[in-house]
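Read the structure below first, then the notes.
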Amino acid sequence: MATQLLPAQLETDSSPEDPPLVSPTVKLSDGRHIAYRERGVPKAKSNCKIILVHGFGSSKDMNFQVPQELIEELGIYFLLYDRAGYGESDPNPKRSVKSEALDIQELADQLQLGPKFYVIGVSMGSYPIWSCLKYIPERLAGVTMVVPVINYRWPSFPDSLTREDYRRPLAKLLYWVAKYTPGLLHWSVTRKWFPSPSVMEEKPVFFNKRDMEALKKTEGFPMLTKERLREQSVFNTLRNDFLVCYGDWDFDPMELTSPFPQNQNCVHIWQGYEDKIVPFELQRCISKKLPWIQYHEVADGGHLLVHYNGLREAILRAMLLGEEHHLYRPSADKTVP
């Protein structure tokens with residue numbers, strides 16, 4: 001008999017009288033509430049518990065569809081949650097890189113996930129994963145970061161790699177504007193002359209061919225529409241998240257040591273070679289400085305590779321079973337210092 005899967009959400013008869021669905025929450029020690037949803041096999045029957053961390057403008061409803069057969073084969077329980085200020089979770093005015101890891105730890109404890117659990121972070125949802133590696137490494141059973149964002153303030157990046165990167169001055173400018181002129185930024189992102197996310201999705205400035213195909217099958221970035229950005233709470237959450245991610249950290253990720261000294265196959269980075277948002281050269285630099293990280297590169301992958309058919313299965317099999325596919329080994333056409 002197949003294992004009964006947890007529903008993605010509660011079902012109603014969709015009658016007009018139905019109140020909007022409200023997700024379950026946990027109350028953290030500081031009084032904030034964090035909303036979450038569960039998927040996969042029931043927690044008590046699972047072989048592995050995975051916490052999925054969404055990225056910028058996303059939520060616990062992120063698209064991470066995995067074949068039921070694989071979920072049952074590996075006995076996977078998924079926990080997705082709204083990071084502080086996102087979705088149905090309370091904002092954290094004291095958000096920091098460290099607080100992201102502590103939120104994950106407290107959420108896991110209150111939901112009784114056990115002493116160890118797996119974490120997967122996507123895009124900007126990867127900076128909480130770096131924080132987990134720094135602050136709660138003893139709680140981790142395995143780690144995966146998918147197209148993790150790059151913070152150009154990390155001191156270990158060689159200047160030869162970042163000096164000519166056009167994304168570096170752009171990130172610096174956006175950070176300055178977000179930090180010192182939030183009112184102007186809020187006004188500008190809701191004006192007609194400012195390119196909307198829907199326009200950006202239609203133009204291959206940020207996305208490659210496979211990304212564009214993936215966008216046709218996903219919701220894109222619903223939190224980044226002009227309508228949502230007009231909501232002050234939404235804008236504040238996105239601004240706060242951006243400032244923490246691209247601000248000064250109290251540690252350099254490239255000085256971390258492996259939380260798995262007896263097993264060098266437990267931390268993974270997945271990167272697209274054609275990613276126009278995060279440069280693959282810097283990801284290769286990280287993996288070279290931290291050889292205990294298993295680096296996977298998708299030759300025709302862009303920034304949305306987590307939405308490609310077959311990639312989610314490969315990501316899970318690599319993290320949970322240690323499987324590697326020759327298609328995802330980086331080519332040697334470019335080197336890094």
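Since this is a predicted model, take the numbers as computed values, not measurements.
Between Ile51 and Leu113 the shortest side-chain heavy-atom distance falls below 4.5 Å. Using a 4.5 Å cut-off on side-chain heavy atoms (C-beta onward), Asn47 and Leu74 make no contact. Inter-residue side-chain proximity for Cys285 and Pro158 is flagged as met; some heavy-atom pair is nearer than 4.5 Å. Counting heavy atoms from C-beta outward, His268 and Ile315 have side chains that stay 4.5 Å or more apart. The closest side-chain heavy-atom distance from Cys245 to Val149 is below 4.5 Å. Two residues are said to be in side-chain contact when any heavy atoms from C-beta on lie closer than 4.5 Å; Asp165 and Pro279 meet this criterion. Side-chain contact between Pro148 and Ile269: present, with at least one pair of heavy atoms (C-beta onward) separated by less than 4.5 Å. Side-chain contact check for Phe157 versus Ile150: some heavy-atom pair is nearer than 4.5 Å.
Residue Asn240 comes nearest to Asn92 through the heavy atom pair OD1-O, 3.8 Å, listed as atom of the first residue, atom of the second, then distance. Residue His186 comes nearest to Val189 through the heavy atom pair O-CG2, 3.4 Å, listed as atom of the first residue, atom of the second, then distance. For the pair Val278 and His303, the tightest heavy-atom approach, listed with the atom from each and the gap, is CG2-CE1, 3.7 Å. Residues Arg139 and Gly114 share a closest heavy-atom pair of NH2-O, 3.0 Å. The minimum heavy-atom distance between Asp82 and Gly87, with the atom names listed, is OD2-CA, 3.5 Å. The minimum heavy-atom distance linking Leu305 with Gly272 is given by the pair CD2-N, 3.3 Å.
Atom CG of Leu79 and atom NZ of Lys43 lie 8.0 Å apart (nearest 0.5 Å). Atom NZ of Lys27 sits about 11.0 Å away from atom CD of Glu106, to the nearest 0.5 Å. Summarising the geometry, atom OG1 belonging to Thr144 is positioned 5.0 Å from atom CD1 belonging to Ile120; distances are rounded to the nearest 0.5 Å. To the nearest 0.5 Å, the span separating NZ on Lys179 from CG on Leu243 amounts to 7.5 Å. To the nearest 0.5 Å, atom CG of residue Leu256 and atom CG of residue Leu290 are 7.0 Å apart. Summarising the geometry, atom CG belonging to Asp211 is positioned 7.5 Å from atom CD1 belonging to Ile277; distances are rounded to the nearest 0.5 Å.
Exactly one of Arg37, Lys60, His33 qualifies for a side chain to side chain donor-acceptor pair (under 3.5 Å) with Glu88. That residue is Lys60. The only option from Phe251, Trp249, Tyr127, Tyr246 that meets the ring pair (Phe, Tyr, Trp, His ring centres under 6.0 Å) definition with Trp154 turns out to be Trp249.
Using a distance-only test at 3.5 Å, with no hydrogens or angles considered, no donor-acceptor pair links the side chain of Ser99 to the main chain of Arg95. Under the 3.5 Å distance criterion, the side-chain polar atoms of Arg239 are matched with a main-chain donor or acceptor of Ala178. With Tyr295 contributing its side chain and Lys288 its backbone, the two residues share no donor-acceptor pair below 3.5 Å. The backbone N or O of His307 lies less than 3.5 Å from no partner atom in the side chain of Asn63, so there is not a single donor-acceptor pair. Counting only distance, with no hydrogens or angles, the side chain of Ser89 and the backbone of Ala84 share no donor-acceptor pair below 3.5 Å. Put simply, the side chain of Ser258 gets close to the backbone of Phe260: a donor and an acceptor are under 3.5 Å apart.
A cation-pi geometry, defined here as NZ or CZ lying under 6.0 Å from the six-membered ring centre and within 45° of its normal, holds between Arg153 and Tyr175.
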Open item on the list: Between Phe242 and Phe56, does the side chain to side chain contact (heavy atoms under 4.5 Å, CB included) criterion hold? Intermediate values first, please.
Closed with: CA-CA 8 Å; Phe242 181 88; Phe56 191 71; 4.2 Å; yes
Open item on the list: One pair to check against side chain to side chain contact (heavy atoms under 4.5 Å, CB included): Asp30 and Lys94. What are the steps and the verdict?
Closed with: CA-CA 11 Å; Asp30 63 2; Lys94 298 181 180 180; over 6 Å; no
- [ ] Tell me, with the steps shown, if Val146 and Leu311 meet side chain to side chain contact (heavy atoms under 4.5 Å, CB included).
- [x] CA-CA 10 Å; Val146 185; Leu311 256 295; over 6 Å; no
Task: Chi angles and distances behind the side chain to side chain contact (heavy atoms under 4.5 Å, CB included) call for His296, Glu324 - done: CA-CA 9 Å; His296 314 264; Glu324 172 65 286; 3.4 Å; yes
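Ring geometry for Phe64 versus Phe78: interplanar angle over 60°, hence perpendicular rather than tilted (30 to 60°).
Ion pairing between a basic and an acidic side chain is recognised when a charged N comes within 4.0 Å of a carboxylate O; Arg284 and Glu281 show no such pairing. Residues Asp103 and Arg32 are paired through a salt bridge, judged by an N-O separation under 4.0 Å between the basic side chain and the carboxylate. Salt-bridge check for Lys209 with Glu274: failed, with every basic side-chain N at 4.0 Å or more from each acidic carboxylate O. Between Glu73 and Arg317, at least one side-chain nitrogen of the basic residue sits less than 4.0 Å from a carboxylate oxygen of the acidic one, meeting the salt-bridge criterion. Ion pairing between a basic and an acidic side chain is recognised when a charged N comes within 4.0 Å of a carboxylate O; Arg83 and Asp241 show such pairing. Salt-bridge annotation for Lys216 and Glu213: present, with a side-chain N of the basic residue lying under 4.0 Å from a carboxylate O of the acidic one.
Under a hydrophobic clustering in which Ile, Leu, Val, Met, Phe, Trp and Tyr are joined whenever their side-chain heavy atoms come within less than 4.5 Å, directly or via other members, Leu102 and Leu28 fall into different clusters.
Side-chain atoms of Thr162 and Arg168 include a donor-acceptor pair closer than 3.5 Å. Remark: the Ser131 side chain and the Glu100 side chain contain no N/O donor-acceptor pair separated by less than 3.5 Å.
Annotation: Tyr166, atom OH; neighbour count of heavy atoms from other residues, nucleotides and ligands within 6.0 Å is above 12. Within 6.0 Å of CD in Gln112 there are 12 or fewer heavy atoms belonging to other residues, nucleotides or ligands.
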